[in-house]
Amino acid sequence: MTRTATDELLDFDRDHLWHPYTSMTSPTPVRLVTGARGCELRISTGSTTEGSWVVDGMSSWWSAIHGYRHPVLDAALAAQADRFSHVMFGGLTHEPAVGLGRRLVEITPAPLERVFLADSGSVSVEVALKMALQHQRGRGRPERTRMLTVLGGYHGDTFDCMSVTDPVGGMHAMWRGLLPDQVFGPRPPAYDASPADLAAWAFEMRELAARHAHELAAIIVEPLLQGAGGMWPFAVACLRVLREIADEHRLLLIFDEIATGFGRTGHLFVSELVTPDVLCLGKALAGGYLTLAAVVTTDEVARGISASESGVLMHGPTFMGNPLACAVASASIDLLLSADWAGRVEAIGTRLAAGLAPLRTAPGVVDVRTIGAVGVVQLDHEVDVVAATEAALAAGVWLRPFRDLVYAMPPYVTGPGEVDRLVAGIAAAVSAG
Ligand SMILES: *Cc1c(COP(=O)(O)O)cnc(C)c1O
């Protein structure tokens with residue numbers, strides 16, 4: 001067989017490039033993307049150079065909410081590239097950053113009005129945690145240095161982020177002695193939990209907070225839906241409990257909406273239901289075009305930070321407020337709000353729910369759950385990712401299952417026929433994986 005240009009690229013990639021959570025020395029296969037448009041990716045496996053179009057079920061890890069090559073986002077990016085692509089944010093500012101800041105202040109709940117533009121989700125979580133520590137110092141409580149969180153969470157891959165991620169998911173055993181030691185409560189009960197289960201969870205969290213209050217700076221959670229830690233939607237009542245606990249013990253409440261923000265759960269932000277003191281946004285913030293994150297907080301927190309001994313927030317990434325990313329983010333927000341995003345998310349969710357329901361009785365399936373534009377099938381075993389991916393691609397769908405989960409969270413531009421294809425792809429992945 002003759003080697004194609006695709007083979008050459010894939011060979012070099014296999015020998016030299018790390019992929020997420022993948023062995024460098026015995027890697028699982030990767031495929032070459034040769035194009036992307038709307039809710040489709042063109043993927044080549046080596047035998048063909050061009051590749052074939054498949055429906056994308058992943059939105060490039062929650063981010064490409066408008067799909068690919070959207071003319072409005074393409075134009076925003078090109079227009080800003082024509083002006084300037086980047087300048088430092090120390091001592092300088094620009095219209096793209098101000099425009100994005102204005103939008104974020106407007107569309108997030110009222111008390112959230114101070115914006116820190118970070119360059120990735122993990123960095124925004126680091127900044128949020130640092131804000132909490134500096135705020136407590138500024139308020140005369142420097143001994144409050146630990147975080148309260150829940151099992152099953154995911155907050156990113158840097159060390160402080162790992163410390164508040166689920167101990168198993170965050171590999172705490174491997175990093176013992178290196179990670180800050182945080183306080184973990186039980187995983188919040190499911191969205192359809194009984195009042196008794198809710199009360200038991202609330203009781204445990206209140207007890208834990210009371211016991212550790214003297215050393216706690218903040219509570220951090222992904223609100224309503226735990227993402228990479230298990231695609232677990234939970235009861236909104238849990239967020240109210242956390243708000244009460246935070247107020248009672250003078251802890252900051254941090255919502256990590258890096259995955260849930262911008263409509264994915266059916267709410268523009270879950271923070272509309274319960275207001276945090278600090279909100280982290282990322283992933284879909286720049287429409288999946290560029291890496292960008294934001295931390296939005298209150299005037300009260302900003303004042304606490306300013307009262308700490310440094311007088312300033314001790315953080316400032318090189319690419320803070322990157323103009324290209326900010327310009328695309330503003331265009332993405334305008335695009336989202338100009339369309340009936342809630343209707344689209346609901347339509348996708350309803351169709352995913354109906355399509356996936358029959359899988360409840362499929363062999364090896366323990367649960368099927370949907371929330372917003374997210375559909376999840378949980379198996380009774382670890383998914384064979386290679387086999388499941390292969391089966392999904394054969395059905396014309398791109399999926400990236402993990403652990404015991406096969407799931408989809410498609411771009412909001414995905415139409416009914418394409419959702420049906422996703423359902424078929426998930427079914428194929430479930431039976432193969
Ligand atoms: C993806 C994610 C992060 C990390 O964001 P990166 O941009 O990958 O650093 C943090 N928190 C949550 C909830 C996420 O889903």
Side-chain angles (χ1 to χ4, degrees), residues 18-22 58-65 116-132 147 149-171 179 182 184 187-188 218-234 238-239 242 253-265 267 269-271 276 278-296 315 317-322 325-326 328-329 332 371-374 376 400 402-403 405 407-409:
W18 244 293
H19 283 264
Y21 312 102
T22 303
M58 305 309 296
S59 301
S60 287
W61 275 340
W62 315 74
S63 64
I65 51 175
F116 186 101
L117 296 170
D119 39 10
S120 78
S122 299
V123 170
S124 77
V125 171
E126 295 281 345
V127 168
L129 299 177
K130 194 183 277 187
M131 281 180 173
M147 305 293 157
T149 186
V150 292
L151 294 177
Y154 174 79
H155 295 286
D157 289 348
T158 57
F159 273 80
D160 275 354
C161 294
M162 281 196 292
S163 80
V164 287
T165 288
D166 184 83
V168 175
M171 291 271 144
L179 291 181
Q182 315 292 18
F184 285 84
R187 168 169 250 174
I219 302 173
I220 179 168
V221 290
E222 296 155 275
L224 207 57
L225 171 65
Q226 293 184 313
M231 307 298 289
W232 179 255
F234 63 86
C238 298
L239 300 177
L242 294 179
L253 183 60
I254 304 172
F255 280 178
D256 176 351
E257 290 219 50
I258 291 168
T260 56
F262 301 101
R264 183 55 71 179
T265 68
H267 309 278
F269 304 107
V270 179
S271 300
V278 183
L279 168 63
C280 293
L281 299 172
K283 290 199 161 102
L285 172 59
Y289 269 52
L290 284 164
T291 176
L292 183 69
V295 189
V296 194
H315 217 98
T318 307
F319 287 96
M320 185 167 180
N322 175 256
C326 290
V328 179
S332 172
I371 177 174
V374 184
V376 186
R400 183 78 179 157
F402 72 105
R403 295 203 208 158
L405 304 168
Y407 70 104
M409 44 184 172

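Counting starts at 1 for both ligands and their atoms, in listed order. In what follows, every heavy atom counts, from backbone to side chain, and hydrogens, waters and symmetry copies are set aside. Just so it is clear, the model here is predicted, and its values are computed rather than measured. Heads up: numbering here begins at 1 and tracks the sequence.
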Got the closest protein heavy atom to [atom], with its distance?
atom: atom 2 (C) of ligand 1; answer: K283 NZ, 2.5 Å
atom: atom 5 (O) of ligand 1; answer: G121 CA, 3.3 Å
atom: atom 8 (O) of ligand 1; answer: S122 OG, 4.4 Å
atom: atom 11 (N) of ligand 1; answer: D256 OD2, 2.7 Å

- Item | Side chain, backbone, both or neither: the part of E222 lying under 4.0 Å from ligand 1 by heavy atom | side chain
- Task: Tell me which part of W61 gets within contact of ligand 1: side chain, backbone, both or neither, using heavy atoms under 4.0 Å.
- Result: neither
- Should Q182 and T149 be marked as a side chain to side chain donor-acceptor pair (under 3.5 Å) after you check the CA-CA gap, both sets of side-chain angles, and the distance that decides it? CA-CA 8 Å; Q182 315 292 18; T149 186; over 6 Å; no
Side chain to side chain, [X] and [Y], heavy atoms closer than 4.5 Å:
X: F116; Y: V296; answer: no
X: V221; Y: F255; answer: yes
X: F234; Y: L225; answer: no
X: P20; Y: W61; answer: yes

- Message: Whether the side chain of T165 engages the backbone of C161 through a donor-acceptor N/O pair (distance < 3.5 Å, no angle test) should be reported.
- Response: yes
- Note on the structure: A student checking ligand 1 against A259 at a 4.0 Å heavy-atom cut-off should list atoms 15 (O)
